[in-house]
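As a basis for the values below, the full set of heavy atoms in this structure was taken, side chains included, without hydrogen atoms, waters or symmetry mates. Since the structure is predicted, the reported quantities are computational estimates derived from the model, not experimental observations. Note on naming: letters A, B, ... go to the chains in the order of the sequence lines (proteins, then strands), and numbering restarts at 1 for each one.
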There are 2 protein chains.
Amino acid sequence: MPEPMYWRIAQDLRQAIESGRLRPGEQLPTELDLRTEYAASRNTIRDAIKWLASRALVETRPGQGTFVVDRLDIFVTTLSADTETGLGGGEGIAALAEVKANGREPSSATPRVEIQPAAGNNAEWLDVETGTLILSRHQPRYIDGKPWSLQTSFYPMDLVSKGAQRLLVAEDIPEGTVNYLHDILGMEQIGYSDNILVRPPNEDEAKFFKLPDDGRISVVVINRTAYSGVPEAPEPFRVTVSVFPADRNQFVMNSGFVPNKLTKPVMVSAAEKSG
Amino acid sequence: MPEPMYWRIAQDLRQAIESGRLRPGEQLPTELDLRTEYAASRNTIRDAIKWLASRALVETRPGQGTFVVDRLDIFVTTLSADTETGLGGGEGIAALAEVKANGREPSSATPRVEIQPAAGNNAEWLDVETGTLILSRHQPRYIDGKPWSLQTSFYPMDLVSKGAQRLLVAEDIPEGTVNYLHDILGMEQIGYSDNILVRPPNEDEAKFFKLPDDGRISVVVINRTAYSGVPEAPEPFRVTVSVFPADRNQFVMNSGFVPNKLTKPVMVSAAEKSG
DNA sequence: GCAAATTTGTTCGTATGTATT
DNA sequence: CAATACATACGAACAAATTTG
């Protein structure tokens with residue numbers, strides 16, 4: 001008996017799920033049933049279920065039972081710039097257009113606007129001294145009414161003093177801030193740099209995205225620094241931090257010439273081989 | 001008593017970690033010590049520790065104890081094409097150069113070459129019928145001797161019959177296959193499309209990357225389809241699947257004009273706010 | 001190299017609480 | 001309200017891994 005019992009039970013159930021014997025959405029036998037089926041104690045059964053739950057293969061619902069996870073509706077965001085509009089992927093109109101092109105309905109909540117001292121990453125990316133006041137606009141975004149991403153943009157205050165007053169207003173800027181800043185200040189976004197990382201969600205994020213509060217589903221964080229000015233000396237004028245739940249989002253980056261087709265999500269089978 | 005005891009204990013320990021009272025690498029009190037400290041049973045203490053472990057705040061080592069996780073050495077991979085070589089980010093020489101530019105030593109194991117029927121994603125991306133034989137080259141890659149990524153490339157067999165014999169040989173192609181195919185067949189890589197997703201590791205991956213076998217650390221999968229031919233009708237000639245552990249890798253994508261500086265990893269503080 | 005001590009891992013049993021139907 | 005199902009919490013024993021003497 002090299003492997004612990006809870007592990008062998010978990011493998012058996014996993015096999016049942018991956019083979020399709022237990023279908024997505026289907027309920028597993030109750031802990032008590034499994035207890036007799038495998039001749040193990042309830043705690044051991046629970047350990048096996050935890051093994052499956054931590055891998056997002058099943059989910060438990062108090063008072064109801066344990067269920068095979070339903071495959072989520074994956075959404076794909078294009079991060080590279082739109083070849084036609086030149087707009088950055090995932091930004092303003094480009095993002096909305098992509099959502100709509102997939103036959104889904106985007107919406108966003110009223111932004112929360114704050115003025116705060118720059119700190120850490122933001123100060124560095126915006127190339128300002130720590131403590132310099134900057135403007136932040138925080139906005140939850142939805143697809144088909146379901147939480148999709150949490151987005152916070154940071155701007156130097158001098159954009160406001162130069163005339164971009166609408167940045168201060170807690171109202172959506174439907175045409176996108178890139179377009180707005182271009183119209184009002186003549187600023188051109190000449191490029192941007194995305195940093196992509198994965199980490200466990202914090203409490204706010206878990207709550208907003210309705211992620212299980214055990215941290216097993218990570219979030220993908222995209223830190224975008226946008227530049228204006230001249231190509232020889234790009235100057236940062238905006239930092240946008242977007243947070244997406246990792247279990248229902250994929251990202252696409254195109255470079256050079258690629259076929260112009262709608263990007264479908266990649267099917268990820270649990271049995272996938274890489275070794 | 002609204003919150004369960006294990007949760008309150010976990011929060012207390014989390015606070016100790018985030019405040020710096022417990023430093024990275026430091027050992028937590030043993031389960032027995034915590035048992036008396038919090039006047040709880042050992043199982044309850046273990047539930048609290050599991051809460052922390054599932055969020056990658058601590059790690060347990062059998063026979064030793066529980067330790068605050070040491071911050072990992074984050075490596076940043078640039079996915080966008082090198083503006084000078086035009087080579088795809090993360091590919092062959094470009095990848096090696098990036099690693100070396102960071103003062104680190106890249107290496108890779110001997111590739112495993114196989115001929116197999118195309119299936120699923122690969123068949124679709126390479127635009128061949130399911131079951132068509134394709135060539136796969138699988139290669140583990142290391143940085144400073146530590147496992148960094150698992151990479152598998154798929155090629156249509158006709159590249160071999162047209163003369164790219166070295167693809168069949170289980171030997172590294174140091175100049176990169178893009179350069180090799182260009183030299184031997186005159187093929188030009190005119191673009192590529194990356195699909196990025198996050199999922200739990202499979203068993204092979206967990207073993208290779210030495211990830212905890214409870215699935216709490218995900219892997220980032222980058223599916224790159226590379227195209228050749230003419231811009232009006234790009235044709236796929238290679239699919240590369242790269243798998244990276246999510247806890248020590250970040251990715252950068254540049255678009256347009258951005259400052260030409262070495263990309264540093266983003267510091268991700270556990271106390272990060274987004275809401 | 002071995003034995004003892006320490007520490008976490010696994011497994012059982014039991015009781016009570018909370019959410020849902 | 002009652003039944004069902006998962007969640008939390010206690011206690012206990014032995015196994016396995018590691019360090020220490």
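- Distance, A:Arg46 CZ to C:dT14 C1': 14 Å, rounded to whole Å.
- Side chain of B:Gln139 to main chain of B:Ala109: a donor-acceptor pair is present (N/O by atom type, distance under 3.5 Å, no hydrogens or angles).
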Side-chain polar contacts of residues 241-252 of chain B - donor-acceptor pairs under 3.5 angstrom, sequence neighbours left out - could you list them?
residue  : atom : partner  : partner atom : Å
B:Ser242 : OG   : B:Gln151 : OE1          : 3.4
B:Arg248 : NH2  : B:Phe209 : O            : 2.8
B:Asn249 : OD1  : B:Trp148 : NE1          : 3.0
B:Asn249 : ND2  : B:Pro245 : O            : 3.0
B:Gln250 : OE1  : A:Asn195 : ND2          : 3.2
B:Gln250 : OE1  : B:Val266 : N            : 2.9
B:Gln250 : NE2  : B:Val266 : O            : 3.0

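- Inter-residue side-chain proximity for B:Val220 and B:Ile196 is flagged as met; some heavy-atom pair is nearer than 4.5 Å.
- Note on residues 19-46 of chain B: no pairs pass ring-ring contact (aromatic ring centres under 6.0 Å, His included), not counting sequence neighbours.
- Side-chain contact check for B:Ile222 versus B:Thr77: every heavy-atom pair is 4.5 Å or farther apart.
- The CH2-C1' distance, from B:Trp51 to D:dA7, rounds to 17 Å in whole Å.
- Going from atom CD of A:Glu31 over to atom C1' of D:dA3 covers 16 Å, rounded to whole Å.
- C:dT6 atom C1' lies 11 Å from atom CG of B:Asp33, rounded to whole Å.
- By the 4.5 Å heavy-atom criterion applied to side chains, B:Arg55 and B:Arg14 are not counted as neighbours.
- With respect to the salt-bridge test (charged N to carboxylate O, under 4.0 angstrom), the residues A:Arg42 and A:Glu31 qualify.
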* Is there a side chain to side chain donor-acceptor pair (under 3.5 Å) between B:Thr240 and B:Arg224 once you walk through the steps? -> CA-CA 5 Å; B:Thr240 298; B:Arg224 170 168 297 181; over 6 Å; no
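- What separates CG of B:Leu52 from P of C:dT8 is a distance of 13 Å, to the nearest Å.
- The side-chain hydrogen bond (donor to acceptor under 3.5 Å, both in side chains) search around A:Gln27 returns none, not counting sequence neighbours.
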* Can you check each nucleotide of nucleotides 9-15 of chain D against protein heavy atoms at under 4.0 Å and return B for base, S for sugar-phosphate only, - for none, in 5' to 3' order? => SBBBB--
Polar atoms only, N or O, under 3.5 Å: list the protein pairs with nucleotides 1-5 of chain C and their distances.
none

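- A salt bridge between A:Asp73 and A:Lys146 is absent, with no side-chain N of the basic residue lying under 4.0 Å from a carboxylate O of the acidic one.
- A 4.5 Å side-chain heavy-atom check between A:Thr44 and A:Ile9 finds at least one atom pair inside the cut-off.
- Taking atom CG of residue B:Leu32 and atom P of nucleotide C:dT6, one finds them 10 Å apart after rounding to whole Å.
- Contacts between residues 58-69 of chain B and DNA chain C, counted as heavy-atom distances below 4.0 Å, involve B:Thr60, B:Arg61, B:Pro62, B:Gly63, B:Gln64, B:Gly65, B:Thr66.
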